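What follows is one structure encoded as structure tokens, with my remarks underneath.
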Amino acid sequence: MTTTLLQPGQIEAAAGGIPELRLPPADVFLTQARRLEQLAEGHAMADYLRFAARLARAQQDILDAGPAGELPSAERLAQCLEYGMPPLAPAGLIRPSGWHGTARQLARSVQPFLTAAGQAALQPMVEGADAWLNEQATRLLENDTQHLHAAVAPIVGAALQVHWTHLARRLDPAQVARPEHPNLCPVCGSHPVSSVVRIGGAENGLRYLHCALCSSEWHVVRAKCSNCDNTRDIAYYHVEGGDRVVEAEACPECKTYLKVAHQEKDPLADPVADDLASLTLDLLMDETGHAKSGINWYLIQGQL
Ligand SMILES: [Zn+2]
Ligand SMILES: [Zn+2]
């Protein structure tokens, strides 16, 4: 592994006209699935990447069908905008009633492709009572991984993503205030998975953080720690000999890192899929003493 120090000269000018918020596109999970399938070819984690791809395809099917969920009232949305609060924060929103069914459907979609042990591990998800599923969702949303049923966590996360992504798609960017803290999603207040430098159109060359829950993306200038706002001595790490499509942007102040997927190096680079496929970089960053500030729910339970 080698380190490159970048100067904050790469920071984009805070000019007007930058799309600050990208609400999720209609095919967000399909895009992830295709990228996961591509990255799985010849990959040491091929089976796991294909599992995540199947899960993402199942998520897309449910998103296409229009899952349940009610947006907050117009009054509440206006209030959130005025006070700079994320309108879809899980704590302030009634959990969509259909999410249990979504979770069971997702589990059943991926089960046939798993080993016997993997199928058995997901059975509590298929048979679990709504109350148990609610408890798992609360633990996941509160990042209480210690008390989470690890084997079902990616499915619980995937189900919540479908409903929140559907709700986020029904918002207008003008209804959402700029984030108070650059590490939290302005739409739902969740942490990012990682970030992506996009290409094309008004977003060309801009870095966006991708939400772990609602799939929205928000603009944060490059060479700036999204966790603590520091812009000094930001360092970029990559796996030696790799293609540098994914780098870890590391902060010497708060000792955290967030990955950056570069579409200018690979136009199909995806903040969720490429994060999952670059686990080696996470292991190397762990050795450097930096903690990951992004969360990828697909990865929580390790191996099926
Ligand atoms: Zn969000
Ligand atoms: Zn920092």
Side-chain angles (χ1 to χ4, degrees), residues 5-6 8 11 19-25 28-29 32 59 63 67 69 71-72 77 80-81 84-93 95-96 99 137 140-143 157-173 175-196 207-237 247-260 271-272 275 285 288-298:
L5 287 173
L6 282 201
I11 297 171
E20 291 289 337
L21 180 66
R22 294 181 80 249
L23 293 170
V28 61
F29 297 119
Q32 286 170 20
Q59 286 178 287
L63 183 68
L71 281 178
L77 287 174
C80 287
L81 182 62
M85 297 185 296
L88 301 185
L93 200 70
R95 213 169 281 161
W99 93 268
L140 189 70
L141 291 170
E142 291 176 354
N143 206 19
L160 297 173
Q161 281 172 347
V162 170
H163 288 269
W164 257 267
T165 299
H166 177 63
L167 286 177
R169 281 185 43 70
R170 290 166 59 195
L171 288 172
D172 185 289
Q175 291 175 293
V176 182
R178 287 176 63 93
E180 197 171 308
H181 194 292
N183 199 38
L184 297 178
C185 172
V187 175
C188 76
S190 300
H191 287 274
V193 178
S194 73
S195 64
V196 55
R207 190 264 289 265
Y208 289 88
L209 272 58
H210 184 98
C211 178
L213 177 60
C214 78
S215 310
S216 296
E217 293 187 353
W218 63 102
H219 173 234
V220 177
V221 291
R222 288 196 256 176
K224 172 177 178 166
C225 173
S226 56
N227 193 51
C228 77
D229 277 350
N230 170 45
T231 54
R232 286 173 58 89
D233 300 329
I234 298 291
Y236 288 81
Y237 294 79
E247 293 180 303
E249 188 180 81
C251 172
E253 290 291 322
C254 68
K255 283 286 189 186
T256 69
Y257 72 95
L258 189 72
K259 284 190 199 156
V260 189
V272 177
D275 176 60
M285 291 311 290
T288 68
H290 292 88
K292 187 172 184 168
S293 65
I295 295 174
N296 194 328
W297 285 338
Y298 283 153

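Indexing begins at 1, ligand by ligand and atom by atom, following the structure's order. Predicted model only: the values in this text are computed from it and were never measured. These values consider heavy atoms only, across backbone and side chains, with no hydrogens, waters or symmetry-generated copies. Residue numbers start at 1 and run along the sequence shown.
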task = Kindly indicate whether the side chain of Val187, heavy atoms from C-beta on, has any atom under 4.5 Å from the side chain of Leu167.
result =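 Contact flag for Val187/Leu167 side chains = no.
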task = Flag the pair Ser195 / His210 as yes when at least one side-chain heavy-atom distance between them is below 4.5 Å, and no otherwise.
result =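 When only atoms from C-beta onward are counted, His210 and Ser195 do not touch, as no gap falls below 4.5 Å.
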ask   = Does the Ser194 side chain pair with the main chain of Val260, one donor and one acceptor, at a distance under 3.5 Å?
value =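 Pair absent, no side-chain N/O of Ser194 close to backbone of Val260.
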message = Rounding to 10°, state the angle centred on the Zn ion (ligand 2) that links SG in Cys251 with SG in Cys254.
response =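 About 110° at the Zn ion (ligand 2).
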ask   = Quick one: angle Cys211 SG - the Zn ion (ligand 1) - Cys214 SG, to the nearest 10°?
value =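 Taking the Zn ion (ligand 1) as the apex, the two atoms subtend 110°.
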query = With the Zn ion (ligand 1) at the center, what angle do SG from Cys185 and SG from Cys188 span, rounded to 10 degrees?
reply =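 Rounding to the nearest 10 degrees gives 120°.
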key: From CG (Leu209) to CG (Leu184), nearest 0.5 Å   =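 That separation rounds to 10.0 Å.
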